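Take a look at the structure below.
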Amino acid sequence: MTEISDWIYRISRYRLLGSRCVKCGEVTYPPRLKCFKCGSEMIDYQLPRRGKIIHYTSVKNLPERYNRFGAYYIAIIELDDGTRIFGLLTDIEKPEVGIRVEACLRKLYTYGEEGKIIYGLKFRPVID
Amino acid sequence: MTEISDWIYRISRYRLLGSRCVKCGEVTYPPRLKCFKCGSEMIDYQLPRRGKIIHYTSVKNLPERYNRFGAYYIAIIELDDGTRIFGLLTDIEKPEVGIRVEACLRKLYTYGEEGKIIYGLKFRPVID
Amino acid sequence: MGIPVIVGVGYTKVGEFWYKDIYQISYEALKMLMNDYGVADVDALYVGNALSSYYDRQLALASHIADTMGLYDISVSTFSSGGASSAQAIYNAILGVISGQFESVIVGGVEKMSEELPSKIVRGVSLVEKSFFIDYIGLTSFSLHALVAKIYMDRFKLDREDLSALPILEHENSSRSKHSQFRNKITYEMIINAPLVSEPLTIFDVSAPGDGAAFIAITSEEYAMENGLDYVKILGMGSASQPANPLERPSPYIFEATSRALDKALRQAGKTIEEIDLIEIYNPTSISGLLILDSLGLGRRGESAKMIRDGFFSLDGRVPINTFGGAKARGDPKGASTAYQFVEVFLQHMNMAGDNQVSDMKYSLIHSMVGFDISSYIFILGDAR
Amino acid sequence: MGIPVIVGVGYTKVGEFWYKDIYQISYEALKMLMNDYGVADVDALYVGNALSSYYDRQLALASHIADTMGLYDISVSTFSSGGASSAQAIYNAILGVISGQFESVIVGGVEKMSEELPSKIVRGVSLVEKSFFIDYIGLTSFSLHALVAKIYMDRFKLDREDLSALPILEHENSSRSKHSQFRNKITYEMIINAPLVSEPLTIFDVSAPGDGAAFIAITSEEYAMENGLDYVKILGMGSASQPANPLERPSPYIFEATSRALDKALRQAGKTIEEIDLIEIYNPTSISGLLILDSLGLGRRGESAKMIRDGFFSLDGRVPINTFGGAKARGDPKGASTAYQFVEVFLQHMNMAGDNQVSDMKYSLIHSMVGFDISSYIFILGDAR
Ligand SMILES: [Zn+2]
Ligand SMILES: [Zn+2]
């Protein structure tokens, strides 16, 4: 990913904006330019910001940019409309399958030592 | 180039060690594993450290790693045995075709902000 | 236009070669190929490599390997698509021979993965997955595999021991192999007590970064016969893709690209999966191995682990797989991995597989894929002579 | 097995597309190709790209472009070799069609160069040259060209005005083109007063980083006729390499890979260079353009600049070149550059070149190369119908 790509995608990423097929109704995140099922046009589709953890795992072999701190958790999250996405978990000691989470804007990484800071959504437990 | 590659090549680079074909006598720098002319084996060949500038130009669109300071000069240098190589010029205000130069070990670039320093040969005018 | 055949192989051990650059590794493999098999006339060189550009090391690698070998009167192409880089190179090399435009080509791959820091390697390997949602959120290839492992194990009621069957088999096979990176046998206890990479996967479930080069020579059958060369025929091949995002697929554990590539390849070869005697799959993790085997349709979905434990896929079983250890144990030099699979299958067909030799084999299958079965490639080989 | 023909093209303008990602640019080009030319059935997708891996952005790009288009039942390959990335893709796509394995393929390239800092771009473009002695000492592609320009100008007694002839011609051509990046005419005074890149080269002697995507559809002639598609035939192609280090060559200004590729392509097409009516060369600099033209043998070595000034290569001259401005003025989206050359030649053959239309053309030639003529590719097209 480059800084420019990150910038191009920022709105979709901050707002959790996916796409929906005008014909068959397929919902995708990230958004698509064309429906992969029926080939039709896609329109913007606002995904719900809450959902629940379907599965999670810890990332212990840390990739470049995410190796400043320790291991972290990534989950498959089923949002409240049924769409499944991958999400980085935060503010959570020990995840559990089934617990409810919600999207929150956080710092993700920077470009270089003094480069631009890239923000994005992480998912934290919903406190009712 | 990676740090490891730079390390693998260090001896050939510091010592200006090329290769010479055991059969046809072709001399190459950088060293080759196999003669590109006759396919025979190559042996180490010590290039002379002095020569003269055949042509030079300035690099003004600076590449990553070499963009900390201003423009610099690069020359085609004919070493004293007739071998021609590319060389980065140093300690020179205004190069001229025909002037004699000699190899000297200098710092070239570093990996990252606090990464390893890579050294290599630059060419400076011979002061007689 | 004739049937494409493999007439020779050249390869290095897989390992960490601190003292050799990418050209020296390539040179050793190519020298073996050209000297041992007398491959002199070459019309084209196809090179697969995954990470050289990403490492800021060298672009246009095929041209520079041709230069290293003094091969100038040829056509060169550089392919880059992760672990399937050399699968794409071989696919296109085969088309080049079938087209009749080339009589004799050299194709393979090289990778020097160990030149970078672990975090850079992990990221590079993961960049074959769509970066918008994988690289961006710090998800890695192995963690993606781990998440699907959980879904799969839930669905088919598998436990950690089931997941361990494949790495144990692969290390068993690699323990007798001369060119493999990891030659130690492993046990269930070792696997579960090993450091976690991404639960449920430990370091014994995932391939380690390896350095290596492997090349094969492909000619037309006519050319091989005229030149008195032994050969293995390439009888069929197929390729297919599916959505990059596993969560968009009907099910993340169904490897649809693999199974559609398989259908095409078998149809072209005029074979059925039951006629295949040996299989080399490209599985960077234990879980992906099970999903690939499931999708090849030798058993019912979810039963591959059990079949492994029952010995079906062992060296002396019904259909041996990954006979030199596969990506896990032979090692996984990404851009060269599929080329190694071809080398190994060639050695088997030629009865040159040493302690790993499988007996009475006639037809073999090679599988390779980009990322998590985004694009897959299947080749059917056989009728060696 | 039939003659391969080009039946359609799709492309974007070349420019700096800050708001579009690499998939959107690809999508626009591919949508144009598939909609306008009714290319529906596709057997394979070949994608050239130079810098996406180097930019840490995405590996295995062809798989992800296939995914963007919903093309799954196909074979995909990703090629990477600088400005010749799509030349290699097209070379292999043609072999795929000749082999009879594919009836209809889509091939081209995409590059989004403007996504990085200038110093990162300069370095990336230079990494096609052998990094041991180019990248290592801070030599760039353009400075390498500049050094050879000095040798060449010395040898043939050329001056700065001779060097300027080609960029002036290219900007003249691009000034009438709708898809070109730079549509301003330039003069000798503008060139010599422009900022130096590397003496004697100024910014008007070198191509600028451009974004763009270009794809073409190739089928067998039989398929095109059955489907009632207009087409241009691919009559011949050839490829060759030479030592990467220009100082190891007999002379650094003789483009031996180009001239040997030319011989092969002409021989295959059964044509002579005198029968060629239009030429698209890949020259990232003014000097490399002269060296390529010299090596094509239309005049004597050292006389190409004079021939340009005499109008030989102008739009209304004997053999027009770079009719939409070439890499310099149309723009140079590396991995897509050769695909743009094919698009432009197709438009010319089909009389769709608008204000840039060349009259009475029957045969054309496309040249592409890796780095400073390390590996070159020549294609002969013609007999449009
Ligand atoms: Zn739809
Ligand atoms: Zn020699």
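A, B, ... follow the sequence lines: proteins, then strands. Residue 1 opens every chain. Since the model is a prediction, treat every value here as computed from it, not as a measurement.
In terms of heavy-atom pairs under 4.5 Å with chain C, the best-connected choice from D:Asp67, D:Thr68, D:Thr78, D:Ile134 is D:Thr78. Comparing C:Ser131, C:Gly238, C:Ser126 by how many heavy-atom pairs each has under 4.5 Å with chain D, the most go to C:Ser131. Contact count against chain D (heavy-atom pairs under 4.5 Å) is highest for C:Ser77 among C:Ala89, C:Ser85, C:Ser375, C:Ser77. Taking chain D as the reference chain and counting heavy-atom pairs below 4.5 Å, the highest number among C:Ser53, C:Ser241, C:Ser52 is found for C:Ser241. Ranked by heavy-atom pairs under 4.5 Å with chain D, the first of C:Gly82, C:Ser81, C:Gly371 is C:Ser81. Residue with the most contacts toward chain D among C:Ala84, C:Ala240, C:Ala87, C:Gly70: C:Ala240 (heavy-atom pairs, distance under 4.5 Å). Per-residue heavy-atom pair counts under 4.5 Å with chain C were compared for D:Ser63, D:Ala244, D:Ala60, D:Pro243, and the maximum is reached by D:Pro243. For the options D:Gln58, D:Arg260, D:Glu129, heavy-atom pairs under 4.5 Å to chain C are most numerous at D:Gln58. Between chain D and the options C:Asn49, C:Val76, C:Val370, C:Ile374, heavy-atom pairs under 4.5 Å are most frequent for C:Val76. Note: D:Ile74 leads D:Ile74, D:Leu71, D:Ile94, D:Leu61 in heavy-atom pairs under 4.5 Å with chain C.
Only the side chain of C:Leu51 has a heavy atom closer than 4.5 Å to any heavy atom of chain D. Heavy atoms closer than 4.5 Å to chain C are found nowhere in D:Tyr55, neither backbone nor side chain. Neither the backbone nor the side chain of C:Glu256 comes within contact range of chain D; no heavy atoms are under 4.5 Å apart. Contact of D:Lys334 with chain C is not made at all, since no heavy-atom distance falls under 4.5 Å. When heavy atoms are compared at a cutoff of 4.5 Å, D:Val128 approaches chain C by way of both its backbone and its side chain. For C:Leu127, the parts lying near chain D are the backbone and the side chain together; criterion is any non-hydrogen pair under 4.5 Å. In this structure, chain C has a heavy atom under 4.5 Å from the backbone of D:Ala50, while its side chain stays farther away. Residue C:Tyr136: no heavy atom, backbone or side chain, is found under 4.5 Å from chain D.
Using a cut-off of 4.0 Å between Lys/Arg side-chain N and Asp/Glu carboxylate O, D:Asp135 and D:Arg123 are scored as salt-bridged.
Between D:Asp373 and D:Gln242 the shortest heavy-atom distance is OD2-NE2, 2.8 Å.
Of the possible donor and acceptor atoms, one in the side chain of C:Ser239 sits under 3.5 Å from a partner among the backbone N and O of C:Ser376. The closest donor-acceptor contact from the side chain of D:Ser220 to the backbone of D:Glu103 lies at 3.5 Å or more, if one exists at all. Looking only at distances, no side-chain donor or acceptor of C:Asp43 sits under 3.5 Å from a matching main-chain atom of C:Val105.
Ring orientation note: the planes of C:Phe372 and C:Phe255 are nearly perpendicular, at an angle over 60° on the 30°/60° scale. Between D:Phe379 and D:Phe342, the two ring planes are perpendicular [angle over 60°; tilted spans 30° to 60°].
A heavy-atom distance below 4.5 Å is found between the side chains of C:Phe102 and D:Leu95.
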**Report entry** ring pair (Phe, Tyr, Trp, His ring centres under 6.0 Å) between D:Tyr54 and C:Tyr54, intermediate numbers included
**Finding:** CA-CA 4 Å; D:Tyr54 167 73; C:Tyr54 167 73; 10.0 Å; no
Report task. Under the side chain to side chain donor-acceptor pair (under 3.5 Å) rule, what do C:Thr258 and C:Ser295 come out as? Steps first, then yes or no, please. Result -> CA-CA 7 Å; C:Thr258 289; C:Ser295 297; 5.8 Å; no
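Note that C:Lys130 lies in the cation-pi zone of D:Tyr23, set by a 6.0 Å cut-off to the ring centre and a 45° limit from the axis.
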